[in-house]
2 protein chains.
Amino acid sequence: MDWVTTDRISGYAGKTVELRGWVANKRSSGKIRFLLLRDGPGVIQCVILPDRVSADAFELADKVPYESAVIVRGEVREDKRSPGGFEITVSDLKLVSEAEDYPIAKKDHGVGFLMDHRHLWLRSSRQVALLRLRSALTRAARQFFDEKGFIAIEAPILTPTSCEGTTSLFQVEYFDRHAYLTQSGQLYGEAAAMALGKIYVHGPTFRAEKSKTRRHLTEFWMIEPEMAFWELPETIDLAEGLICRLVEETLRSCSQELEALERDRAALEKVTPPFPRITYSEVVDLLEDKGVPFVWGNDLGADEETVISQAFDKPVFVTHYPAVIKAFYMKRDRNDPRLALAMDLLAPEGYGEIIGGGQREDSLDELEARIAEHGLDRDPLEWYLDLRRYGSAPHAGFGLGIERTLAWIAGIHHVRETIPFPRLMDRLHP
Amino acid sequence: MDWVTTDRISGYAGKTVELRGWVANKRSSGKIRFLLLRDGPGVIQCVILPDRVSADAFELADKVPYESAVIVRGEVREDKRSPGGFEITVSDLKLVSEAEDYPIAKKDHGVGFLMDHRHLWLRSSRQVALLRLRSALTRAARQFFDEKGFIAIEAPILTPTSCEGTTSLFQVEYFDRHAYLTQSGQLYGEAAAMALGKIYVHGPTFRAEKSKTRRHLTEFWMIEPEMAFWELPETIDLAEGLICRLVEETLRSCSQELEALERDRAALEKVTPPFPRITYSEVVDLLEDKGVPFVWGNDLGADEETVISQAFDKPVFVTHYPAVIKAFYMKRDRNDPRLALAMDLLAPEGYGEIIGGGQREDSLDELEARIAEHGLDRDPLEWYLDLRRYGSAPHAGFGLGIERTLAWIAGIHHVRETIPFPRLMDRLHP
């Protein structure tokens, strides 16, 4: 007999199959027992009639605890009322392993409790939907770059120095010295772009920030493309194309997940090109119009980002930030050297920044001056300066934060549910 | 005028295009100058004739230093003698940035020197080929699992404890306590498999081993599938299918890279299913036949692996190892409890282990006993034991080491060239 998973069940209507999974729910109605079987790809209702199964199997259906592992055999029947459109008329039910009293009940638990049981919480329908959506987004993002001829690069996780500032580095004991966990693959991506043309880094990044907001994780994943001979405008186009692809792919292939998450599809359907593009200076005016006090030269905080992103029903690019609030590697605007050729993409519905990037400084002299101005140690950056000594070229790129992007697309409040095992300032377990 | 990259040049024969890249080589022949332009996707020969360009452009072609960034304009001409089959008759040459004296000359450098200049060494044709091949292999591996309905999962990098033994952990300062860099995503992958059915983890892993062999990196990448309700035999089939796909894809789409690496294609063409499958006990006999002294119960070292993998012209599965030399989570063989349901795949041509895996212990009692026997701290593993308390099911998986697999497929000696920025015991820079 074929072992079939619920995602392939429609091809087996009228046939007898075997299913393997866990008891996600159960109920009875008169002499009939219903088990909701969860097998990973989906759930299916299994109907147990006393005259169709052995007495032992019927008793098992009655008593089997939640989340026990079972093997079900039965006939696949089309039934429009069932979730998924099919159900199983059970001919045999076998216990693989009886579960102890399952700690996650149908009632509400506090987040602390759920996070302590993250290894089990992952099995709930909402968490399954989020993880499946995460996988689909990652696949779509990689495909987007693969199709355009980008080469996937792995940047090192263990680094000798910082690339985004030294205050939020995690220090590692590396034999007889110290290493630091990477904050971004960008600097290494730039080296690879000079070798390969167009590359993307997909990997984990780390920030030892003492932030307890809904947008912060200490460990998070980024996709960071970097392109030799590209400048800011075409980099913005690329970011727009990527976001449109991610949303299209979600709407096309993740309807089931969006439904489980009760996500408003209409909000996502509005995400079509072109996205509005406004400068930082225009943002200052916009904030003033909205009655938000803000001084030109300050960085946009989460509150300002929320106001801006609520002002548009599409993602919005903010460009040409004051250079002083951006990283040392940002190229200055030739037309106004106070400004950096930087861009951030703010997601709508108040989600704020999901992409940050821009054109990189390609002049050796300018970059040396920036390193000095930022008070950075130059020694560990000599190799990075080499990229400007030997065939420097205009280049640009950006970083997309997977968790923040997923939080927006899934329409959930806190990034902690967007990664299988979140790491927060006070959360390292399980 | 269109900016065209060398990978698309065949569509522009007879047309005038713009190319952007770096001067990889140059030579002159009488009044003609030849520049070899490297643009990432490939290289192309540019022919500069004195009567076709300005005097300035001709002088530039004469004097431009190696690795300078340039923009070339000219007509694409088909020429079978050229590498790639096309060359450019230059009409204009512009300097983007003049390179200082390039430190990597055509002459041989020591490995230490090249590793110190890894950010530049990446530009050499052999390193470009390796990175492109790495990207192709990663893509093929992820596609292999995606097509089969596996969900991509990111396991945490920062972990509270060990999963492969405590002697080779990197310790991280995590706010007011310690964390450790993950050695494998497997334990987390098991939790995800119980939620999602079939998953794969693709991410970096770390071992603080004081090994200076050609097979060791302190930071390396793995792809680790984990499948609920799977047992050992079908897991071996999956690993065989994966390796065949990787080799097929390499032969199909990476001919240029294999050529640059001078890889013997015939050796790869032999990699077809089925692969030989032998038990550990049969290995002991084989080693005896080969005159290699070896005692049943010892672990296979690099030397033994080399002997075994040289005995076959295909990858070979070794299964049913003594349980004492395998990790605590390996399931025992019911027919012989001295043995673990483990499997390793040894690559041919002396490359040794590229995959390790097997069936996981799914009995709570047995797993508790193993944890005690291995002297492991049980507290941080309670969550992992929960997977056996709540709906335990047979499950299995394996880990494929990207760098070792690439070293074999590319036919190169040392894994340090298989990752963009290798991390070794004495190498953390650049």
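Just so we're on the same page: letters track the sequence lines, and every chain starts at 1.
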Evaluate the side chain to side chain donor-acceptor pair (under 3.5 Å) criterion for residues B:Asp362 and B:His395: first the C-alpha distance (whole Å), next the side-chain angles of each, then the deciding distance (0.1 Å), finally the verdict. CA-CA 7 Å; B:Asp362 51 10; B:His395 61 291; 5.5 Å; no
Test side chain to side chain contact (heavy atoms under 4.5 Å, CB included) on B:Tyr174 and A:Arg423 and set out the steps. CA-CA 10 Å; B:Tyr174 195 78; A:Arg423 295 298 181 239; 3.9 Å; yes
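Looking at A:Pro380, the atoms closer than 4.5 Å to chain B (heavy atoms on both sides) all sit in the backbone: N, CA, C or O. Only the side chain of B:Arg38 comes within contact range of chain A, judged by heavy atoms closer than 4.5 Å. Proximity to chain A (any heavy atom under 4.5 Å) is shown, for B:Glu154, by both the backbone and the side chain. Of the two parts of A:Trp121, neither the backbone nor the side chain holds a non-hydrogen atom closer than 4.5 Å to a non-hydrogen atom of chain B. Both the backbone and the side chain of B:Leu428 come within contact range of chain A, with heavy atoms under 4.5 Å apart. With a 4.5 Å cut-off on non-hydrogen atoms, B:Arg177 touches chain A through its side chain but not through its backbone. B:Phe206 touches chain A through its side chain: at least one heavy atom from C-beta onward sits under 4.5 Å away, while N, CA, C and O do not. For A:Val70, the part sitting under 4.5 Å from any heavy atom of chain B is the backbone (N, CA, C, O) and nothing else. Looking at A:Leu364, only its side chain comes within 4.5 Å of chain B, counting heavy atoms on both sides. With a 4.5 angstrom heavy-atom cutoff, B:Leu181 touches chain A only via side-chain atoms.
The neighbour count for B:Asp101 CG, taken as heavy atoms of other residues, nucleotides or ligands under 6.0 Å away, does not exceed 12.
Between chain A and the options B:His117, B:Arg20, B:Arg8, B:Arg132, the largest number of non-hydrogen pairs under 4.5 Å is found for B:Arg20. Heavy-atom pairs under 4.5 Å with chain B peak, among A:His178, A:Glu219, A:Gln127, at A:Glu219. Between chain A and the options B:Ala195, B:Pro420, B:Ala208, B:Ala99, the largest number of non-hydrogen pairs under 4.5 Å is found for B:Ala195. Interface check for chain B: of the options A:Leu95, A:Leu158, A:Ile151, A:Asp426, the most heavy-atom pairs under 4.5 Å are formed by A:Leu158. Highest contact tally toward chain A, considering only B:Pro103, B:Gly42, B:Pro41, B:Pro394, is held by B:Pro103 [criterion: heavy-atom pairs under 4.5 Å]. Contact tally against chain B (heavy-atom pairs below 4.5 Å) for A:Glu190, A:Gln171, A:Glu98: the top residue is A:Gln171. Taking chain B as the reference chain and counting heavy-atom pairs below 4.5 Å, the highest number among A:Pro430, A:Ser97, A:Gly391 is found for A:Gly391. Per-residue counts of heavy-atom pairs under 4.5 Å with chain A were compared for B:Gly197, B:Ala191, B:Ala69, B:Pro156; the largest is that of B:Pro156. No other option in B:Val96, B:Thr218, B:Thr5, B:Leu122 has as many heavy-atom pairs under 4.5 Å with chain A as B:Thr218. Of the residues considered (B:Leu196, B:Asp386, B:Asp176, B:Leu120), B:Leu196 shows the highest number of contacts with chain A, using heavy-atom pairs under 4.5 Å.
The minimum heavy-atom distance between B:Leu406 and B:Thr418, with the atom names listed, is CD2-O, 3.4 Å.
A distance of 12.5 Å separates CD of B:Glu234 from CZ of B:Phe229, quoted to the nearest 0.5 Å.
Of all residues spanning residues 198-205 of chain B, those with a heavy atom less than 4.5 Å away from chain A's heavy atoms are B:His202, B:Gly203, B:Pro204, arranged by number. Inspection of non-hydrogen atoms places A:Thr138, A:Arg139, A:Arg142 of residues 136-144 of chain A under 4.5 Å from chain B.
In summary, A:Glu361 and A:Arg388 do not engage in a salt bridge, as defined by a charged side-chain N under 4.0 Å from a carboxylate O.
A tilted orientation is assigned to the rings of A:Trp383 and B:Phe421, their planes being inclined by 30° to 60°.
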